[in-house]
There are 2 protein chains.
Amino acid sequence: MPPIIELETIRRTQILEAALQTISAQGCANVTLDDICRASGLSKGGLTYYYKSKRELFLAAFTEFFERIFARGKETMDRFDDPLEKLLSFDWLYNPEDPDGFIGYPVLFDFMSIAVHDEEYRKIFHDWVDNWVVLLKEAIVLGVNRGMFHEMDCESAARGISAIYQGIATRWFLAPGMHSRLWALDTLENAVKGLLFSSDREAGR
Amino acid sequence: MPPIIELETIRRTQILEAALQTISAQGCANVTLDDICRASGLSKGGLTYYYKSKRELFLAAFTEFFERIFARGKETMDRFDDPLEKLLSFDWLYNPEDPDGFIGYPVLFDFMSIAVHDEEYRKIFHDWVDNWVVLLKEAIVLGVNRGMFHEMDCESAARGISAIYQGIATRWFLAPGMHSRLWALDTLENAVKGLLFSSDREAGR
DNA sequence: GGGTACCGACTGGTCGGTCGGTTGTTCGAC
DNA sequence: GTCGAACAACCGACCGACCAGTCGGTACCC
């Protein structure tokens, strides 16, 4: 009788989880394979059995990370019906109590600094951004169709909102003493409204 | 007769320049002292003579970097009289031809990913952000005094504008194919106007 | 007995830091 | 005026720590 869940699946998620935790806590540059072995409860040989190289493991870990964050975002967004509320539903990003979100920042920063010099990493980043854009764009189109927002280049606006989220998040996370959760939410709302309700905005990019 | 410029000053800037170029091109994690030696034209011994450790050298390089960028921003901003124009004067950030700005992105990304796990780095980041905030806040206060913007918490708004700049810049740099210069400028303008002209914005944070 | 899953000692390469040495310059003693 | 001591500026071979990847083994199952 085969096991209900593939052992391989268990091990791989176990390893990726350990990798993400370790990367988040120590930063990519300071993570050794031995660290991940310790965190995952496997030996070096065991690790190598599932991931042939450090690079392969890291790429898998980051991919897993982006999938998780995106799933979380989509899930939260789907809870709202109002387009504007959908677009502002990512306040869990600015919640230090939130385990998913908070652990993610160090991972994201590490990822981006690597992506600068690495084509394959950059590709993952692009895909991730594109996923967000599709999601946000749907909400914007919905708002336009309902007459809440005026006509606009919805994709550009979606990219803008996504970028603004990240900019605010960066400050909020790296300098929390000076940037409160309230500041983050307030700034986000006004900036997003600036994109959606600006009177002189044209449809062209 | 002593030399007109201190030799030490020449060497130190020579080394820091080499370090920044190398970091920008290869990424912190891939930079060795030998790389910087090669780039600066000094030997390992010569390097060590001026900077006792890799960490000390890197901290000095990053500090130098932040000073340069800030000086550049201030200089550009001072050219304008109109407060709104001042606040939108950083379009050189979104110019791939600009040597200062463009080389800076990889450096900034590297810096932030280290700052996550390093108190001393984080301190430098905080100071840098604070400098920007002071600068932007002055322009906002000016606008409020002239009656162009309504009353608001000028510091919060300054922090918001600064964060938005960075968010847009991040996307523009890391995924240039999907985020044109025009998109960056357009998004920036609307988001900033959202902060400055929002009707329901209160003075409290 | 062959295959899957895993172990952990070992190795080879890399890199930050060290250190003995060299060159050139200044300056006081004679 | 010159000798040499002291020092600043710099060189580059070397060392030792660290670490990714390897590989011969083991245990268990079919």
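Throughout, a chain's letter reflects where its sequence line sits, starting with A, and its residues are numbered from 1.
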Query raised in the report: Does the A/Asn190 side chain pair with the main chain of A/Asp186, one donor and one acceptor, at a distance under 3.5 Å?
Result: yes
Query raised in the report: Is the A/Phe109 to B/Phe109 ring centre distance short of 6.0 Å?
Result: no
Requested in this report: State whether A/Tyr49 places a side-chain N or O below 4.0 Å from either non-bridging phosphate oxygen (OP1 or OP2) of C/dC6.
Outcome: no
Report summary line: Of the listed D/dA8, C/dG17, C/dC6, the closest approach to the A/Tyr50 side chain comes from C/dC6
Query raised in the report: Which nucleotides of nucleotides 7-12 of chain C have their base under 4.0 Å from a protein heavy atom (B), which only their sugar-phosphate (S), and which neither (-), written as one string 5' to 3'?
Result: BB----
Report task. Step through the shown structure and confirm whether more than 12 heavy atoms of other residues, nucleotides or ligands are within 6.0 Å of NZ on B/Lys52. Result -> yes
Query raised in the report: Between C/dC15 atom C1' and B/Lys54 atom NZ, what is the distance in whole Å?
Result: 8 Å
Requested in this report: Answer yes or no: is there a donor N or O on one side and an acceptor on the other, between the side chain of B/Asn131 and the main chain of B/Trp128, under 3.5 Å?
Outcome: no
Query raised in the report: So, A/Thr187 and B/Arg159: side-chain donor and acceptor under 3.5 Å apart, yes or no?
Result: no
Query raised in the report: Which residue, B/Asp110, B/Ile103, B/Leu108, forms the side-chain contact (heavy atoms from CB on, under 4.5 Å) with B/Ser24?
Result: B/Ile103
Query - Short side-chain to backbone donor-acceptor contact, A/His126 and B/Leu174, under 3.5 Å - result: yes
Query raised in the report: Taking the six-membered ring where the residue is Trp, are the ring centres of B/Phe111 and B/Phe65 under 6.0 Å apart?
Result: no
**Report entry** Separation of atom CG in B/Asp34 from atom C1' in C/dT18, rounded to whole Å
**Finding:** 14 Å
Report task. Go through residues 16-33 of chain A and report each residue with a non-hydrogen atom lying under 4.0 Å from DNA chain D, sorted by number. Result -> A/Val31, A/Thr32, A/Leu33
Query raised in the report: D/dC10 phosphate, OP1 or OP2: any side-chain N/O from B/Arg11 under 4.0 angstrom?
Result: yes
